[in-house]
2 protein chains.
Amino acid sequence: MVATLGTRARILDVTSRLMMRQGYEGTAVKQIATEARVALSSVYHFFPGGKQELATAAVRHADEHFAQMLRDALATKDDPADAVVALAWVVAEYLRDSGWQDGCPITATALETLGRIPPIQQAVEEAFERWRGLVAEKFQLAGIAEQEARDLAHTVISTLEGAELAAQVSRSAEPMTIAGRHLSRLVNTYR
Amino acid sequence: MVATLGTRARILDVTSRLMMRQGYEGTAVKQIATEARVALSSVYHFFPGGKQELATAAVRHADEHFAQMLRDALATKDDPADAVVALAWVVAEYLRDSGWQDGCPITATALETLGRIPPIQQAVEEAFERWRGLVAEKFQLAGIAEQEARDLAHTVISTLEGAELAAQVSRSAEPMTIAGRHLSRLVNTYR
DNA sequence: AGCCAAGTGGAGCGAACGTTCCATCCAGAG
DNA sequence: CTCTGGATGGAACGTTCGCTCCACTTGGCT
(Lines give C-alpha, C1' and ligand atoms only; values in the text may rest on other atoms or scores of the structure.)
Protein backbone atom coordinates (compact mmCIF):
# COMPACT_ATOMS: atom_id res chain seq x y z
CA MET A 1 0.00 0.00 0.00
CA VAL A 2 1.81 3.04 -1.29
CA ALA A 3 -0.08 5.56 0.80
CA THR A 4 0.65 3.59 3.95
CA LEU A 5 4.36 3.42 3.32
CA GLY A 6 4.35 7.10 2.43
CA THR A 7 2.57 8.10 5.60
CA ARG A 8 4.70 5.92 7.84
CA ALA A 9 7.91 7.12 6.23
CA ARG A 10 6.83 10.73 6.53
CA ILE A 11 6.18 10.29 10.26
CA LEU A 12 9.62 8.76 10.74
CA ASP A 13 11.33 11.49 8.74
CA VAL A 14 9.71 14.26 10.73
CA THR A 15 10.28 12.50 14.05
CA SER A 16 13.99 11.96 13.51
CA ARG A 17 14.45 15.53 12.30
CA LEU A 18 12.57 17.04 15.22
CA MET A 19 14.19 14.83 17.86
CA MET A 20 17.60 15.63 16.44
CA ARG A 21 16.96 19.32 17.03
CA GLN A 22 14.82 19.28 20.17
CA GLY A 23 15.52 15.95 21.79
CA TYR A 24 13.05 13.35 22.97
CA GLU A 25 11.22 15.23 25.71
CA GLY A 26 11.26 18.45 23.74
CA THR A 27 9.35 16.94 20.84
CA ALA A 28 5.59 16.54 21.18
CA VAL A 29 3.66 13.86 19.35
CA LYS A 30 1.16 16.49 18.25
CA GLN A 31 3.94 18.52 16.66
CA ILE A 32 5.12 15.45 14.79
CA ALA A 33 1.62 14.81 13.47
CA THR A 34 1.18 18.44 12.45
CA GLU A 35 4.50 18.76 10.62
CA ALA A 36 4.04 15.42 8.89
CA ARG A 37 0.55 16.51 7.82
CA VAL A 38 -0.88 13.41 9.40
CA ALA A 39 -3.70 12.78 11.84
CA LEU A 40 -2.60 12.31 15.44
CA SER A 41 -4.49 9.04 15.52
CA SER A 42 -2.48 7.86 12.54
CA VAL A 43 0.71 8.16 14.52
CA TYR A 44 -0.72 5.79 17.11
CA HIS A 45 -2.10 3.62 14.34
CA PHE A 46 1.38 3.02 12.94
CA PHE A 47 3.19 3.03 16.28
CA PRO A 48 0.86 1.47 18.85
CA GLY A 49 3.69 1.51 21.38
CA GLY A 50 3.37 5.28 21.54
CA LYS A 51 6.16 7.81 21.75
CA GLN A 52 8.80 5.31 22.88
CA GLU A 53 8.22 2.97 19.96
CA LEU A 54 8.13 5.94 17.60
CA ALA A 55 11.39 7.32 18.95
CA THR A 56 13.09 3.94 18.75
CA ALA A 57 12.01 3.52 15.13
CA ALA A 58 13.13 7.07 14.37
CA VAL A 59 16.59 6.35 15.78
CA ARG A 60 16.88 3.29 13.54
CA HIS A 61 15.62 5.33 10.59
CA ALA A 62 18.20 8.03 11.21
CA ASP A 63 20.85 5.37 11.73
CA GLU A 64 20.35 4.02 8.20
CA HIS A 65 20.27 7.49 6.70
CA PHE A 66 23.47 8.57 8.44
CA ALA A 67 25.21 5.29 7.63
CA GLN A 68 24.54 5.85 3.95
CA MET A 69 26.10 9.29 4.20
CA LEU A 70 29.18 7.77 5.81
CA ARG A 71 29.42 5.07 3.14
CA ASP A 72 29.21 7.63 0.34
CA ALA A 73 31.83 9.88 1.92
CA LEU A 74 34.25 7.03 2.61
CA ALA A 75 33.89 5.75 -0.95
CA THR A 76 35.19 8.99 -2.47
CA LYS A 77 38.79 8.28 -1.45
CA ASP A 78 40.97 5.17 -1.55
CA ASP A 79 43.51 6.35 1.00
CA PRO A 80 42.13 5.95 4.54
CA ALA A 81 43.64 9.21 5.78
CA ASP A 82 42.07 11.06 2.86
CA ALA A 83 38.80 9.28 3.46
CA VAL A 84 38.67 10.49 7.04
CA VAL A 85 39.19 14.07 5.90
CA ALA A 86 36.42 13.63 3.35
CA LEU A 87 34.19 12.32 6.12
CA ALA A 88 34.75 15.39 8.26
CA TRP A 89 34.21 17.63 5.28
CA VAL A 90 30.93 16.04 4.22
CA VAL A 91 29.59 16.25 7.75
CA ALA A 92 30.70 19.86 8.05
CA GLU A 93 28.86 20.76 4.83
CA TYR A 94 25.78 19.04 6.15
CA LEU A 95 25.90 21.04 9.37
CA ARG A 96 26.48 24.35 7.65
CA ASP A 97 23.70 23.79 5.12
CA SER A 98 21.23 23.44 7.97
CA GLY A 99 22.34 26.70 9.52
CA TRP A 100 24.08 24.71 12.27
CA GLN A 101 20.75 23.41 13.46
CA ASP A 102 21.19 19.77 12.45
CA GLY A 103 23.89 17.57 13.90
CA CYS A 104 24.22 13.92 14.71
CA PRO A 105 20.65 12.68 14.36
CA ILE A 106 20.60 10.53 17.48
CA THR A 107 22.88 12.15 20.07
CA ALA A 108 20.28 14.42 21.64
CA THR A 109 17.76 11.61 21.99
CA ALA A 110 20.44 9.26 23.30
CA LEU A 111 21.66 11.56 26.06
CA GLU A 112 18.17 12.28 27.34
CA THR A 113 17.00 8.71 27.49
CA LEU A 114 20.22 7.00 28.61
CA GLY A 115 19.42 4.36 31.20
CA ARG A 116 15.76 5.33 31.27
CA ILE A 117 14.34 3.95 28.02
CA PRO A 118 16.30 0.77 27.22
CA PRO A 119 14.97 0.12 23.69
CA ILE A 120 16.13 3.56 22.58
CA GLN A 121 19.52 3.08 24.21
CA GLN A 122 19.93 -0.24 22.41
CA ALA A 123 19.02 1.31 19.04
CA VAL A 124 21.63 4.02 19.67
CA GLU A 125 24.22 1.42 20.62
CA GLU A 126 23.57 -0.50 17.41
CA ALA A 127 23.83 2.69 15.35
CA PHE A 128 27.23 3.59 16.81
CA GLU A 129 28.40 0.04 16.29
CA ARG A 130 27.33 0.13 12.64
CA TRP A 131 29.06 3.45 11.98
CA ARG A 132 32.28 2.22 13.60
CA GLY A 133 32.02 -0.92 11.50
CA LEU A 134 31.94 1.09 8.28
CA VAL A 135 35.05 3.04 9.23
CA ALA A 136 36.89 -0.03 10.52
CA GLU A 137 36.15 -1.88 7.31
CA LYS A 138 37.65 0.96 5.28
CA PHE A 139 40.81 0.88 7.39
CA GLN A 140 41.20 -2.88 7.12
CA LEU A 141 40.84 -2.73 3.34
CA ALA A 142 43.74 -0.27 3.39
CA GLY A 143 45.94 -2.82 5.14
CA ILE A 144 45.58 -1.74 8.77
CA ALA A 145 45.44 -4.65 11.22
CA GLU A 146 42.00 -5.63 12.47
CA GLN A 147 42.39 -4.60 16.11
CA GLU A 148 44.03 -1.30 15.23
CA ALA A 149 41.37 -0.61 12.62
CA ARG A 150 38.63 -1.20 15.16
CA ASP A 151 40.25 1.04 17.77
CA LEU A 152 40.84 3.77 15.21
CA ALA A 153 37.22 3.59 14.15
CA HIS A 154 36.21 4.12 17.77
CA THR A 155 38.22 7.33 17.96
CA VAL A 156 37.17 8.54 14.51
CA ILE A 157 33.48 8.29 15.36
CA SER A 158 33.96 9.75 18.84
CA THR A 159 35.96 12.67 17.54
CA LEU A 160 33.54 13.45 14.73
CA GLU A 161 30.68 13.23 17.20
CA GLY A 162 32.32 15.68 19.58
CA ALA A 163 33.45 17.99 16.80
CA GLU A 164 29.92 18.11 15.43
CA LEU A 165 28.67 19.37 18.76
CA ALA A 166 31.45 21.95 18.98
CA ALA A 167 30.72 23.11 15.43
CA GLN A 168 27.02 23.48 16.15
CA VAL A 169 27.61 25.41 19.36
CA SER A 170 30.13 27.78 17.82
CA ARG A 171 28.33 27.91 14.48
CA SER A 172 31.62 27.31 12.70
CA ALA A 173 33.11 24.56 10.59
CA GLU A 174 36.50 24.97 12.27
CA PRO A 175 36.13 22.16 14.83
CA MET A 176 35.28 19.77 12.00
CA THR A 177 38.19 20.75 9.75
CA ILE A 178 40.62 20.58 12.66
CA ALA A 179 39.26 17.18 13.63
CA GLY A 180 39.62 15.91 10.06
CA ARG A 181 43.22 17.09 9.89
CA HIS A 182 44.18 15.51 13.22
CA LEU A 183 42.38 12.26 12.48
CA SER A 184 44.15 11.83 9.16
CA ARG A 185 47.45 12.53 10.91
CA LEU A 186 46.60 9.88 13.50
CA VAL A 187 45.66 7.33 10.85
CA ASN A 188 48.92 7.98 9.01
CA THR A 189 50.92 6.92 12.06
CA TYR A 190 49.58 3.40 11.56
CA ARG A 191 51.35 2.61 8.26
CA MET B 1 23.27 34.80 54.85
CA VAL B 2 24.60 31.29 55.01
CA ALA B 3 21.26 29.58 54.57
CA THR B 4 20.57 31.62 51.47
CA LEU B 5 23.86 30.70 49.83
CA GLY B 6 23.25 27.11 50.83
CA THR B 7 19.81 27.03 49.30
CA ARG B 8 20.87 28.68 46.06
CA ALA B 9 23.87 26.41 45.69
CA ARG B 10 21.76 23.36 46.41
CA ILE B 11 19.31 24.34 43.68
CA LEU B 12 22.15 24.77 41.19
CA ASP B 13 23.74 21.45 42.15
CA VAL B 14 20.51 19.54 41.69
CA THR B 15 19.63 21.35 38.47
CA SER B 16 22.94 20.67 36.78
CA ARG B 17 22.87 17.03 37.86
CA LEU B 18 19.31 16.47 36.67
CA MET B 19 19.76 18.30 33.38
CA MET B 20 22.93 16.34 32.71
CA ARG B 21 20.94 13.12 32.93
CA GLN B 22 17.56 14.14 31.55
CA GLY B 23 18.21 17.24 29.51
CA TYR B 24 16.46 20.57 29.68
CA GLU B 25 12.92 19.63 28.64
CA GLY B 26 13.08 16.38 30.56
CA THR B 27 13.73 18.10 33.87
CA ALA B 28 10.76 19.66 35.65
CA VAL B 29 11.15 22.64 37.97
CA LYS B 30 9.03 20.82 40.54
CA GLN B 31 11.43 17.88 40.48
CA ILE B 32 14.34 20.24 41.05
CA ALA B 33 12.61 21.78 44.05
CA THR B 34 11.73 18.38 45.48
CA GLU B 35 15.19 16.85 45.14
CA ALA B 36 16.86 19.98 46.49
CA ARG B 37 14.44 19.91 49.44
CA VAL B 38 13.43 23.47 48.67
CA ALA B 39 10.10 25.19 48.21
CA LEU B 40 9.04 25.65 44.61
CA SER B 41 8.57 29.33 45.28
CA SER B 42 12.16 29.53 46.45
CA VAL B 43 13.36 28.46 43.04
CA TYR B 44 11.53 31.39 41.48
CA HIS B 45 12.72 33.62 44.30
CA PHE B 46 16.37 32.96 43.48
CA PHE B 47 15.86 32.71 39.72
CA PRO B 48 13.11 35.16 38.76
CA GLY B 49 13.83 34.50 35.08
CA GLY B 50 12.32 31.05 35.52
CA LYS B 51 13.57 27.81 34.03
CA GLN B 52 15.72 29.47 31.37
CA GLU B 53 17.66 31.58 33.85
CA LEU B 54 18.00 28.58 36.13
CA ALA B 55 19.30 26.38 33.31
CA THR B 56 21.77 29.04 32.21
CA ALA B 57 23.12 29.39 35.72
CA ALA B 58 23.30 25.62 36.08
CA VAL B 59 25.38 25.37 32.91
CA ARG B 60 27.82 27.93 34.28
CA HIS B 61 27.87 26.12 37.62
CA ALA B 62 28.66 22.81 35.91
CA ASP B 63 31.22 24.55 33.74
CA GLU B 64 33.24 25.63 36.78
CA HIS B 65 32.95 22.23 38.39
CA PHE B 66 34.08 20.38 35.28
CA ALA B 67 36.90 22.86 34.64
CA GLN B 68 38.28 22.17 38.10
CA MET B 69 38.27 18.45 37.36
CA LEU B 70 40.20 19.09 34.15
CA ARG B 71 42.72 21.30 35.94
CA ASP B 72 43.34 18.67 38.61
CA ALA B 73 43.75 15.89 36.06
CA LEU B 74 46.11 17.91 33.85
CA ALA B 75 48.23 18.87 36.86
CA THR B 76 49.07 15.25 37.70
CA LYS B 77 51.47 14.90 34.76
CA ASP B 78 54.16 17.14 33.31
CA ASP B 79 54.33 15.50 29.92
CA PRO B 80 51.40 16.67 27.73
CA ALA B 81 50.84 13.23 26.20
CA ASP B 82 50.72 11.68 29.66
CA ALA B 83 48.41 14.45 30.83
CA VAL B 84 45.91 13.70 28.09
CA VAL B 85 45.87 10.03 29.08
CA ALA B 86 45.30 11.06 32.70
CA LEU B 87 42.45 13.27 31.54
CA ALA B 88 40.72 10.41 29.77
CA TRP B 89 41.29 8.15 32.74
CA VAL B 90 39.87 10.57 35.30
CA VAL B 91 36.78 11.15 33.18
CA ALA B 92 36.34 7.41 32.66
CA GLU B 93 36.46 6.82 36.40
CA TYR B 94 33.90 9.54 36.91
CA LEU B 95 31.55 7.95 34.39
CA ARG B 96 31.94 4.46 35.80
CA ASP B 97 31.41 5.62 39.39
CA SER B 98 28.01 6.99 38.40
CA GLY B 99 26.96 3.70 36.82
CA TRP B 100 27.39 5.31 33.37
CA GLN B 101 24.56 7.72 34.15
CA ASP B 102 26.59 10.90 34.36
CA GLY B 103 28.53 12.30 31.44
CA CYS B 104 29.48 15.72 30.25
CA PRO B 105 27.33 17.97 32.42
CA ILE B 106 26.20 20.32 29.67
CA THR B 107 25.99 18.35 26.42
CA ALA B 108 22.40 17.18 26.80
CA THR B 109 21.16 20.66 27.67
CA ALA B 110 23.21 22.17 24.86
CA LEU B 111 21.87 19.91 22.13
CA GLU B 112 18.25 20.43 23.12
CA THR B 113 18.38 24.19 23.30
CA LEU B 114 20.74 24.92 20.39
CA GLY B 115 19.50 27.92 18.46
CA ARG B 116 16.36 28.15 20.56
CA ILE B 117 17.53 29.58 23.90
CA PRO B 118 20.46 31.91 23.14
CA PRO B 119 21.63 32.55 26.73
CA ILE B 120 22.08 28.83 27.31
CA GLN B 121 23.91 28.39 24.03
CA GLN B 122 26.26 31.22 24.96
CA ALA B 123 26.98 29.70 28.37
CA VAL B 124 27.78 26.40 26.65
CA GLU B 125 30.04 28.14 24.16
CA GLU B 126 31.95 29.83 26.97
CA ALA B 127 32.32 26.53 28.82
CA PHE B 128 33.82 24.75 25.82
CA GLU B 129 36.12 27.70 25.23
CA ARG B 130 37.31 27.57 28.83
CA TRP B 131 37.99 23.84 28.73
CA ARG B 132 39.91 24.16 25.47
CA GLY B 133 41.89 26.99 27.01
CA LEU B 134 43.00 24.80 29.91
CA VAL B 135 44.25 22.08 27.58
CA ALA B 136 45.90 24.53 25.19
CA GLU B 137 47.71 26.18 28.07
CA LYS B 138 49.11 22.84 29.17
CA PHE B 139 50.37 22.14 25.64
CA GLN B 140 51.98 25.55 25.29
CA LEU B 141 53.79 25.15 28.59
CA ALA B 142 55.22 21.94 27.14
CA GLY B 143 56.69 23.82 24.24
CA ILE B 144 54.06 23.28 21.57
CA ALA B 145 53.48 26.31 19.35
CA GLU B 146 50.46 28.43 20.16
CA GLN B 147 48.39 27.70 17.07
CA GLU B 148 49.12 23.99 17.19
CA ALA B 149 48.31 23.89 20.89
CA ARG B 150 44.97 25.55 20.30
CA ASP B 151 44.05 23.20 17.45
CA LEU B 152 45.09 20.19 19.49
CA ALA B 153 42.97 21.38 22.38
CA HIS B 154 39.99 21.54 20.02
CA THR B 155 40.42 17.91 19.06
CA VAL B 156 41.18 16.75 22.60
CA ILE B 157 37.96 18.22 23.96
CA SER B 158 35.92 17.04 20.97
CA THR B 159 37.28 13.51 21.20
CA LEU B 160 36.76 13.25 24.95
CA GLU B 161 33.25 14.60 24.51
CA GLY B 162 32.41 12.01 21.87
CA ALA B 163 34.11 9.20 23.75
CA GLU B 164 32.14 10.05 26.87
CA LEU B 165 28.92 9.59 24.98
CA ALA B 166 30.12 6.30 23.48
CA ALA B 167 31.20 5.08 26.91
CA GLN B 168 27.85 5.95 28.43
CA VAL B 169 25.89 4.27 25.66
CA SER B 170 27.96 1.08 25.74
CA ARG B 171 28.41 1.18 29.52
CA SER B 172 32.12 0.55 29.06
CA ALA B 173 35.31 2.48 29.69
CA GLU B 174 36.83 1.20 26.45
CA PRO B 175 35.97 4.23 24.27
CA MET B 176 37.65 6.46 26.85
CA THR B 177 40.86 4.43 27.15
CA ILE B 178 41.13 4.11 23.37
CA ALA B 179 40.59 7.85 23.00
CA GLY B 180 43.27 8.59 25.59
CA ARG B 181 45.77 6.33 23.83
CA HIS B 182 45.12 7.86 20.41
CA LEU B 183 45.17 11.42 21.69
CA SER B 184 48.53 10.94 23.40
CA ARG B 185 49.85 9.42 20.17
CA LEU B 186 48.58 12.45 18.26
CA VAL B 187 50.13 14.88 20.72
CA ASN B 188 53.46 13.07 20.46
CA THR B 189 53.60 13.75 16.71
CA TYR B 190 53.95 17.44 17.54
CA ARG B 191 57.41 17.31 19.14
C1' DA C 1 -22.77 -3.72 -6.04
C1' DG C 2 -21.25 -5.05 -1.53
C1' DC C 3 -17.66 -5.53 1.82
C1' DC C 4 -13.80 -5.12 4.85
C1' DA C 5 -9.87 -3.29 6.67
C1' DA C 6 -6.77 0.59 6.53
C1' DG C 7 -6.54 5.16 7.68
C1' DT C 8 -8.68 9.81 9.22
C1' DG C 9 -10.72 13.47 12.07
C1' DG C 10 -11.91 15.34 16.33
C1' DA C 11 -13.34 15.39 20.97
C1' DG C 12 -11.79 14.41 25.30
C1' DC C 13 -9.29 11.99 29.26
C1' DG C 14 -6.19 12.63 33.54
C1' DA C 15 -1.76 14.13 34.58
C1' DA C 16 1.98 17.12 34.50
C1' DC C 17 3.89 21.30 32.84
C1' DG C 18 5.81 26.38 34.05
C1' DT C 19 4.36 29.99 36.50
C1' DT C 20 1.95 33.16 39.80
C1' DC C 21 0.13 34.67 44.06
C1' DC C 22 -0.14 35.46 48.83
C1' DA C 23 -0.34 34.38 53.67
C1' DT C 24 3.01 33.01 56.70
C1' DC C 25 7.37 32.45 58.96
C1' DC C 26 11.66 33.92 61.12
C1' DA C 27 16.27 35.94 61.92
C1' DG C 28 18.59 40.25 62.64
C1' DA C 29 18.37 45.49 63.17
C1' DG C 30 16.57 49.29 65.97
C1' DC D 1 10.55 44.24 72.61
C1' DT D 2 8.88 45.56 67.87
C1' DC D 3 9.72 45.99 63.13
C1' DT D 4 11.09 44.47 58.58
C1' DG D 5 12.44 42.14 54.53
C1' DG D 6 14.20 37.88 52.79
C1' DA D 7 12.61 33.21 52.39
C1' DT D 8 8.98 29.57 52.59
C1' DG D 9 4.71 26.59 52.03
C1' DG D 10 0.76 25.63 49.53
C1' DA D 11 -2.97 26.38 46.55
C1' DA D 12 -4.22 27.46 42.14
C1' DC D 13 -3.85 29.38 37.19
C1' DG D 14 -4.14 28.13 32.24
C1' DT D 15 -1.75 25.29 28.97
C1' DT D 16 0.10 21.37 27.08
C1' DC D 17 1.43 16.71 27.55
C1' DG D 18 0.75 11.53 25.94
C1' DC D 19 -2.80 8.91 24.92
C1' DT D 20 -7.66 6.86 24.01
C1' DC D 21 -11.88 6.33 21.80
C1' DC D 22 -15.07 6.05 18.11
C1' DA D 23 -17.70 7.44 14.18
C1' DC D 24 -16.40 8.09 9.73
C1' DT D 25 -14.35 7.97 4.95
C1' DT D 26 -11.76 5.71 1.51
C1' DG D 27 -9.79 2.36 -1.83
C1' DG D 28 -9.04 -2.36 -3.35
C1' DC D 29 -11.11 -7.07 -3.19
C1' DT D 30 -14.85 -10.58 -4.39
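Chain A is the first sequence line, chain B the second, and so forth, proteins listed ahead of strands; every chain is numbered from 1.
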Quiz item: What string of B, S and - do you get for nucleotides 12-27 of chain C 5' to 3' if you count protein non-hydrogen atoms under 4.0 Å?
Solution: -----SBBBB------
Using whole Å, report how far [atom1] of [X] lies from [atom2] of [N].
X: A:R10; N: C:dT8; atom1: CZ; atom2: C1'; answer: 13 Å
X: B:I32; N: D:dT8; atom1: CD1; atom2: C1'; answer: 18 Å
X: A:Q22; N: D:dC17; atom1: CD; atom2: P; answer: 10 Å
X: A:R37; N: C:dG9; atom1: CZ; atom2: P; answer: 12 Å
X: B:H45; N: D:dA7; atom1: NE2; atom2: P; answer: 4 Å
X: A:E53; N: D:dG18; atom1: CD; atom2: P; answer: 15 Å

Practice problem: Give a yes or no on whether a salt bridge exists between A:E35 and A:R17, defined as a side-chain N under 4.0 angstrom from a carboxylate O. | Solution: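 Looking at A:E35 and A:R17, the cut-off is met.
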Quiz item: Hey, is B:D151 close enough to A:R181 for a salt bridge, meaning N to O under 4.0 Å?
Solution: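 A:R181 and B:D151: salt-bridged.
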Quiz item: Is it true that the side chains of A:Q122 and A:E126 contain a donor and an acceptor less than 3.5 Å apart?
Solution: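 Yes, because at least one side-chain N or O of A:Q122 sits under 3.5 Å from a partner of the opposite role on A:E126.
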Quiz prompt | Residues in side chain to side chain donor-acceptor pair (under 3.5 Å) contact with B:T189, at least two apart in sequence or another chain | solution =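 B:T189: side chain to side chain donor-acceptor pair (under 3.5 Å) contacts with A:R185.
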Self-check item: Side-chain N or O of B:S42 closer than 4.0 Å to phosphate OP1/OP2 of D:dT8
Solution: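 Looking at the OP1 and OP2 atoms of D:dT8, one of them is under 4.0 Å from a side-chain N or O of B:S42.
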Practice problem: For atom CG of A:D78, decide whether the heavy atoms of other residues, nucleotides or ligands shown that lie under 6.0 angstrom number more than 12. | Solution: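 12 or below, so no.
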Exercise. Output every pair passing side chain to side chain donor-acceptor pair (under 3.5 Å) with a member in residues 46-58 of chain B, not counting sequence neighbours, ordered by first then second residue.
Key: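 Of all non-adjacent pairs touching residues 46-58 of chain B, none passes side chain to side chain donor-acceptor pair (under 3.5 Å).
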Could you pull out every donor-acceptor pair under 3.5 Å between side chains of residues 36-50 of chain A and any protein atom, sequence neighbours left out?
none

Quiz item: Is there a residue in residues 111-123 of chain B whose heavy atoms reach under 4.0 Å of DNA chain C, and which residues are they?
Solution: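 Heavy-atom contacts with DNA chain C come from no residue of residues 111-123 of chain B; none.
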Quiz prompt | Residue pairs involving residues 88-144 of chain B (criterion ring-ring contact (aromatic ring centres under 6.0 Å, His included); sequence neighbours excluded) | solution =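 Qualifying pairs, neighbours excluded: B:F66-B:W131, B:F128-B:W131.
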